[in-house]
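Side chains included, hydrogens not; waters and symmetry mates left out as well; all remaining heavy atoms used.
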Amino acid sequence: MHVDDRVLWSIGEVAGKTGLSVKLIRHWSDLGLVPPARRTAAGYRVYDAESVARLELARTLRDLGLGLPAIREVLDREQTLAEVAAVHVDVLETRIRLLRAQQAVLRSAARRETTAEGLAFMNRTARLSAAERRKTIHEFVTGTLVGLDVPTYRSGLLAATPELPDDPTDAQVDAWIELGELVADPELRGAMRRMAQYAAEHAPGEHDDATLQEAQRVTDYWTGRVDEAVRDGIAPDSPAAEPVVAAVVEKWLPSQARTVDGVRTDGAPARSLLLEQLGIVSVPCVERYWQLLCLINGQPARPSLETAGNWLKTALRANPEPGRRAAELDALYDSGAEAWEPVGLIAACERVLQAVGDLVSAVDPSGLDGPTPCADWDVRALLDHLVWENLMWAGLADGRPRSDAAADHLGGDHVAAFRTAAQRTLTAFRRPGMLDRRYGPAPGRRLVEQLVIEMLVHGWDLAEAIGHPRDLVPDIATVAMPVVREIYAGLPRTEGGSFAPPRPAPHDATALDRLAAHLGRAVA
């Protein structure tokens with residue numbers, strides 16, 4: 001249709017040209033966004049090229065997420081396209097942040113068992129503005145420290161504010177959600193207040209940078225010494241832990257000159273004080289608080305101190321004062337010589353190694369990644385430990401102590417690895433006079449006893465893991481029980497120690513079940 005040298009199209013023709021529906025074009029025309037060029041005598045709307053151009057622009061703006069009022073402003077030239085675009089860039093960025101927050105909430109909910117209330121809390125937390133996040137942490141800190149004179153501690157907490165970037169990663173949003181949950185946990189508030197109260201009592205006032213740096217150097221030293229001990233396979237409740245404790249205390253003592261009177265040398269008061277301080281400062285929820293702050297702020301987080309802290313606390317409990325554990329062991333070493341008669345200690349060792357070897361042979365290589373009663377070990381790690389125990393005690397008996405606890409001792413054939421290690425152990429233990437020979441203050445029979453006990457309890461672990469009967473060598477397990485009680489009676493049964501606290505055993509439990517329960521296993 002041509003009118004006044006213009007080409008005009010019906011609404012249906014315009015719909016065909018633009019891909020928009022007749023209904024939408026009519027609606028926009030009624031709203032005045034894209035009025036028709038004119039109406040025909042019959043009342044039908046017709047549109048010209050300018051109308052089509054307005055429709056195309058309106059559709060583009062709508063597809064970009066603009067609402068009708070903003071589209072009208074552009075079409076009517078009340079604002080330029082550049083001005084409207086700049087405003088809507090900000091709107092879209094806000095919307096994208098909210099969508100990412102929603103995505104992080106849903107991902108976090110998918111990873112954990114979250115209640116409806118928990119999901120709502122996570123969603124609210126993820127949507128907080130930067131000012132609201134700072135306010136949340138400020139209220140947490142001030143509420144936790146109210147009434148305490150700890151300016152350094154307070155300023156340090158307030159300075160460490162979560163600064164979520166404008167374009168956070170999923171991990172950062174997820175960390176903020178977790179932090180929001182954590183600061184609402186009374187356990188964190190209580191732990192941080194205890195730390196602050198301790199500081200107020202023992203080191204009030206401001207702390208200069210030199211004091212803080214010295215504290216960090218001491219921390220780096222003791223964690224390094226403990227990590228080295230762990231790599232060397234030193235258990236915190238073994239005699240070999242005493243030199244590590246002594247070295248740590250010696251390094252730590254100078255830092256206490258300002259905070260504690262009367263503690264100047266290594267002794268029971270000093271070790272008790274260090275244990276107390278570790279109990280105050282090494283709290284998992286507090287450590288997690290600082291890790292989350294670092295993650296949110298894009299900063300590297302310090303390695304966790306939990307494992308090293310548990311090791312040192314256990315070692316301090318096992319060695320509460322210099323020389324005490326050694327004196328206890330000296331008294332213990334020469335007692336109970338007849339405990340293994342009439343079986344004989346070497347014969348008992350041979351039978352236990354044979355029984356455990358049969359279990360090792362029964363392990364299917366496809367199941368090496370299966371779980372075991374030892375929470376931190378799968379079947380392969382348990383087998384590796386069984387091999388290491390034999391290599392370690394055989395090395396001690398041969399006068400060649402090993403320090404490769406962290407190495408892989410299993411290789412590709414777990415059966416051959418165990419058999420070889422067990423044979424090396426028996427060869428060392430069968431040497432004439434080995435049982436009475438002194439290895440330091442301990443007679444050789446105590447080395448054999450330790451291996452027998454390790455093989456019994458970890459043999460029980462392996463049987464449980466692979467679904468085999470747990471009633472290994474019941475007569476030897478019966479004989480071993482009083483020896484186990486004697487050796488481990490005074491050791492701390494805390495996290496980080498060799499064994500968990502004793503557990504009850506069923507009335508029909510086997511002898512080995514009872515021994516395993518005494519050493520912290522859950523026996524069903």
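In this structure, the side chain of R503 engages the main chain of G520 through a donor-acceptor pair within 3.5 Å. Between the T161 side chain and the R134 main chain, no donor and acceptor come within less than 3.5 Å of each other. In this structure a side-chain-to-backbone donor-acceptor pair under 3.5 Å is missing from S238 to I234. Checking side-chain atoms of T314 against main-chain N and O of E495 turns up a donor-acceptor pair under 3.5 Å. Checked by atom type and distance alone, the side chain of D237 pairs as donor or acceptor with a backbone atom of S498 at under 3.5 Å. N390 places a side-chain N or O within 3.5 Å of a backbone atom of L386 that can act as its donor or acceptor partner. Of the possible donor and acceptor atoms, none in the side chain of H458 sits under 3.5 Å from a partner among the backbone N and O of L456. In this structure a side-chain-to-backbone donor-acceptor pair under 3.5 Å is missing from S272 to A268. Between the side chain of R193 and the backbone N or O of T144 there is at least one donor-acceptor pair closer than 3.5 Å. A donor-acceptor pair is defined here as one N or O able to donate and one able to accept, closer than 3.5 Å; such a pair exists between the side chain of Y439 and the backbone of A397.
Considering every non-hydrogen atom in both G298 and Q172, the closest pair reads N-NE2, 3.9 Å. Contact detail for A477 and L515: the closest heavy-atom pair is O-CD1, 3.9 Å. Scanning all heavy atoms of the two residues, the minimum distance from A405 to R231 falls at CB-O, 3.4 Å. Scanning all heavy atoms of the two residues, the minimum distance from I296 to P162 falls at CG2-CB, 3.9 Å. When all heavy atoms are compared, the tightest approach of M195 to I280 is CG-O, 3.3 Å. Across all their heavy atoms, V150 and A196 have their closest contact at CG1-O, 3.3 Å.
The side-chain heavy atoms of K313 and T494, taken from C-beta on, include no pair separated by under 4.5 Å. Contact check for I137 versus L179: side-chain heavy atoms found under the 4.5 Å cut-off. Inter-residue side-chain proximity for D369 and V379 is flagged as unmet; no heavy-atom pair is nearer than 4.5 Å. Side-chain atoms of Y289 and V183, non-hydrogen and from C-beta on, do get closer than 4.5 Å to each other. The shortest side-chain heavy-atom distance between F418 and L359 does not fall under the 4.5 Å cut-off. In this structure, the side chains of M192 and V283 stay at 4.5 Å or more apart for every pair of heavy atoms. Here the side chains of L368 and D378 are not in contact, with every heavy-atom distance at 4.5 Å or above. In this structure the side chain of C374 reaches within 4.5 angstrom of the side chain of R521, judged on heavy atoms.
With sequence neighbours left out, the side-chain contact (heavy atoms from CB on, under 4.5 Å) criterion links C294 to Q299, A301. Scanning for side-chain contact (heavy atoms from CB on, under 4.5 Å) contacts around P502 gives R493, H518, with sequence neighbours left out. In this structure E389 satisfies the side-chain contact (heavy atoms from CB on, under 4.5 Å) test together with H385, M392, W393, L451, E454, M455, sequence neighbours excluded. Applying the salt bridge (charged side-chain N to carboxylate O under 4.0 Å, His left out) criterion to R380, with sequence neighbours excluded, gives D408. Under the side-chain contact (heavy atoms from CB on, under 4.5 Å) criterion, D220 pairs with Q216, R302, not counting sequence neighbours.
Residues Y198 and R194 bring no donor and acceptor atom of their side chains to less than 3.5 Å of each other. Donor-acceptor pairing under 3.5 Å is lacking for the side chains of D461 and T372.
Summarising the geometry, atom CH2 belonging to W176 is positioned 10.5 Å from atom CG belonging to N297; distances are rounded to the nearest 0.5 Å. Atom CD1 in I453 sits 11.5 Å away from atom SG in C349 (nearest 0.5 Å). Taking CG of L382 as the reference point, atom CD of E464 lies at 11.5 Å (rounded to 0.5 Å). Atom SG of C285 and atom CD of E187 lie 4.5 Å apart (nearest 0.5 Å). Atom CZ of R154 sits about 8.0 Å away from atom OG1 of T142, to the nearest 0.5 Å. One distance of note links CG of L472 with CG of L512; it measures 6.0 Å at 0.5 Å rounding.
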Inset, instruction - Evaluate the criterion side chain to side chain contact (heavy atoms under 4.5 Å, CB included) for residue pair D232 and S403; output intermediate values, then yes/no. - result: CA-CA 5 Å; D232 290 343; S403 59; 4.0 Å; yes
Inset, instruction - Quick one: do D364 and I466 satisfy side chain to side chain contact (heavy atoms under 4.5 Å, CB included)? Show the steps, please. - result: CA-CA 9 Å; D364 188 332; I466 65 175; over 6 Å; no
Legend entry - Stepwise side chain to side chain contact (heavy atoms under 4.5 Å, CB included) test for R470 and V523: CA-CA 10 Å; R470 304 186 305 247; V523 179; 3.8 Å; yes
Inset, instruction - Walk me through it: do R271 and E242 pass the test salt bridge (charged side-chain N to carboxylate O under 4.0 Å, His left out)? - result: CA-CA 12 Å; R271 296 190 180 195; E242 162 63 26; 3.1 Å; yes
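Annotation: salt bridge (charged side-chain N to carboxylate O under 4.0 Å, His left out) contacts involving residues 272-290, sequence neighbours excluded, comprise E178-R288.
Ring planes of F499 and Y488: perpendicular class, angle over 60° (limits at 30 and 60°).
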